[in-house]
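If you're wondering where the values come from, they're calculated on a predicted model, not measured in any experiment. Residues: numbered from 1 along the sequence shown.
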Amino acid sequence: MISGAVALAATGAALADSDEAIRMPINEWTGQHITAHIAGTLLKKAGYNVEYVTAGAIPQFAAIAQGDLDLQPETWSNSVGAIYPKAIESGDIVIVGDLGLQPREGWMYPPYVEEMCPGLPSYEALYDCAQVFATPETFPEGRLITYPADWGTRSKDVMAQIDIPFNPVAGGSEGAMIAELKAAVASKQPILMMFWEPHWLHAEQDFNWIEFKERDEECQEETGQSREDACGFAQATIRKIVNKDFGEKWPGALKLIEDLSIDNDTQNELMLEIDNKGRALEEVVAEWIDANESTWNPWVESAKAAQE
């Protein structure tokens with residue numbers, strides 16, 4: 001991931017809304033940097049001043065609730081801490097809407113594996129073909145590559161409940177996991193790995209996901225699952241949030257953020273350029289802006305129309 005951006009301010013031709021800078025946090029991962037800079041670029045086109053401020057994913061919520069930061073266009077529900085829900089309840093933080101990203105975490109495999117393990121993508125197929133994924137170290141159990149050890153025990157928690165005949169093996173790092181995936185794909189070897197989306201890897205290679213049973217309520221990873229009734233993993237939501245004064249101070253900007261939408265394909269492709277090809281964030285975002293005026297121009301025009 002690219003490093004946190006240094007705080008900076010860029011001025012535009014401020015219109016009838018407040019000409020104060022809209023302060024937007026920059027977190028620790030590239031996808032959020034992309035979303036923030038797309039939002040910031042479009043806000044500038046609508047005439048607003050924008051300031052990017054480096055902030056941690058958890059500490060940012062206190063700053064937003066207190067009015068020291070104004071807008072977070074990419075808030076992951078699985079990384080919010082204790083302050084966020086209290087600030088939502090009190091009204092100090094306002095949810096504007098969903099960003100449009102469809103995050104997913106779970107067990108992933110290359111599509112050709114379905115020829116080796118009939119019944120996929122259902123998790124129930126794994127009980128009958130665990131040996132397809134076995135190695136000399138795990139035989140007769142299959143090998144499941146999980147997140148690095150310091151990322152938690154989510155896969156182990158699910159596996160223990162559903163009694164699946166696989167041996168969890170922690171990946172050494174994100175880079176090591178990707179290298180192993182690519183090596184398996186190159187040689188058409190079976191592989192099953194805990195992974196996530198959005199991620200630039202999905203812009204480069206197709207993968208399928210193990211499907212679990214759906215529930216009306218949120219899936220609980222630590223309890224309540226069995227071989228017959230496995231829901232797998234809780235899935236995050238990604239929302240746009242502002243502080244309580246945002247709409248009054250910048251009604252046009254609020255309209256733009258309400259309209260702002262980014263999908264997985266867009267973020268995957270832009271992350272591929274930045275994280276995999278080593279291109280500069282600002283260059284990649286500017287390229288997307290130039291190529292997608294028909295997408296974002298209605299958002300900017302609506303923002304201008306909403307300015308008082």
Student: Tell me whether the guanidinium CZ or amine NZ of Arg227 lies under 6.0 angstrom from the six-membered ring centre of Tyr127 and within 45° of its axis.
Tutor: yes
Student: Can you pull out every ring-ring contact (aromatic ring centres under 6.0 Å, His included) where at least one residue sits in residues 82-101? Sequence neighbours excluded, please.
Tutor: Phe61-Tyr84
Student: Would you compute the distance between atom CG of Leu69 and atom CG of Asn243 and round it to the nearest 0.5 angstrom?
Tutor: 8.5 Å
Student: Taking the ring centre of each residue, are Phe133 and Phe166 less than 6.0 Å apart?
Tutor: yes
Student: Just how far is it from atom CG of Leu256 to atom OH of Tyr48, taken to the nearest 0.5 Å?
Tutor: 8.0 Å
Student: Report the C-alpha distance between Trp29 and Glu74 in whole Å, list the side-chain angles of each, state the deciding distance to 0.1 Å, and finish with yes or no for side-chain hydrogen bond (donor to acceptor under 3.5 Å, both in side chains).
Tutor: CA-CA 11 Å; Trp29 65 96; Glu74 185 176 321; 3.1 Å; yes
Student: Is any NZ, NE, NH1 or NH2 atom of the basic residue among Glu115 and Lys188 found under 4.0 Å from an Asp or Glu carboxylate oxygen of the other?
Tutor: no
Student: Have a look at Ile145 and tell me which of Leu181, Ile191, Leu192 forms a side chain to side chain contact (heavy atoms under 4.5 Å, CB included) with it.
Tutor: Ile191
Student: Just so I know, are the side chains of Val96 and Arg239 near enough to count as touching, which here means a heavy-atom distance under 4.5 Å?
Tutor: no
Student: Which heavy-atom pair separates Asn264 from Pro198 by the least distance, and what is that distance?
Tutor: OD1-CG, 4.1 Å
Student: For Ala62 and Ile83, which heavy atoms make the closest approach, and how far apart are they?
Tutor: CB-CD1, 3.8 Å
Student: Can you give me the closest heavy-atom contact between Tyr112 and Val185, atom names plus distance?
Tutor: OH-CA, 3.5 Å
Student: Compute the ring centroids of Phe195 and Trp209, then answer whether they are less than 6.0 Å apart.
Tutor: no
Student: Can you confirm whether Asp70 sits close enough to Arg23 that some side-chain heavy atom of one is under 4.5 Å from a side-chain heavy atom of the other?
Tutor: yes
Student: Side chains of Pro73 and Met24: closer than 4.5 Å at any heavy-atom pair?
Tutor: yes
Student: Kindly give the heavy-atom pair with the smallest separation between Phe233 and Gly106, and that separation in Å.
Tutor: CD1-CA, 3.9 Å
Student: How long is the span from the OG1 atom in Thr35 to the CD atom in Gln267, to the nearest 0.5 Å?
Tutor: 4.5 Å
Student: Quick one: are Lys182 and Leu201 in side-chain contact, heavy atoms under 4.5 Å?
Tutor: yes
Student: Measuring from atom CG of Asp92 to atom CD1 of Ile241, what distance do you get when rounded to the nearest 0.5 angstrom?
Tutor: 11.5 Å
Student: Would you indicate whether the side-chain heavy atoms of Leu126 and Trp107 approach each other to under 4.5 Å?
Tutor: yes
Student: Does the ring center of Tyr52 lie less than 6.0 Å from the ring center of His33?
Tutor: no
Student: Heavy atoms, side chains only, cut-off 4.5 Å: are Met116 and Tyr109 in contact?
Tutor: no
Student: Would a 4.5 Å heavy-atom cut-off, applied to side chains only, mark Ser79 and Ile58 as touching?
Tutor: yes
Student: If you compare all heavy atoms of Pro168 against all heavy atoms of Met159, which two are closest, and at what distance to 0.1 Å?
Tutor: CD-CE, 3.7 Å
Student: What's the shortest heavy-atom distance between Ala236 and Ser77, and which atoms?
Tutor: CA-OG, 3.4 Å
Student: Aromatic ring centroids of Trp76 and Trp196 under 6.0 Å?
Tutor: no
Student: Between Arg104 and Gln235, is any pair of side-chain heavy atoms under 4.5 Å apart?
Tutor: yes
Student: According to a hydrophobic-cluster definition based on side-chain heavy atoms being under 4.5 Å apart (Ile, Leu, Val, Met, Phe, Trp, Tyr only), do Val169 and Met108 belong together?
Tutor: no
Student: When rounded to the nearest 0.5 angstrom, what distance separates CG in Leu43 from CD1 in Ile38?
Tutor: 12.0 Å
Student: Rounded to the nearest 0.5 Å, what separates atom CG in Leu272 from atom NZ in Lys277?
Tutor: 5.0 Å
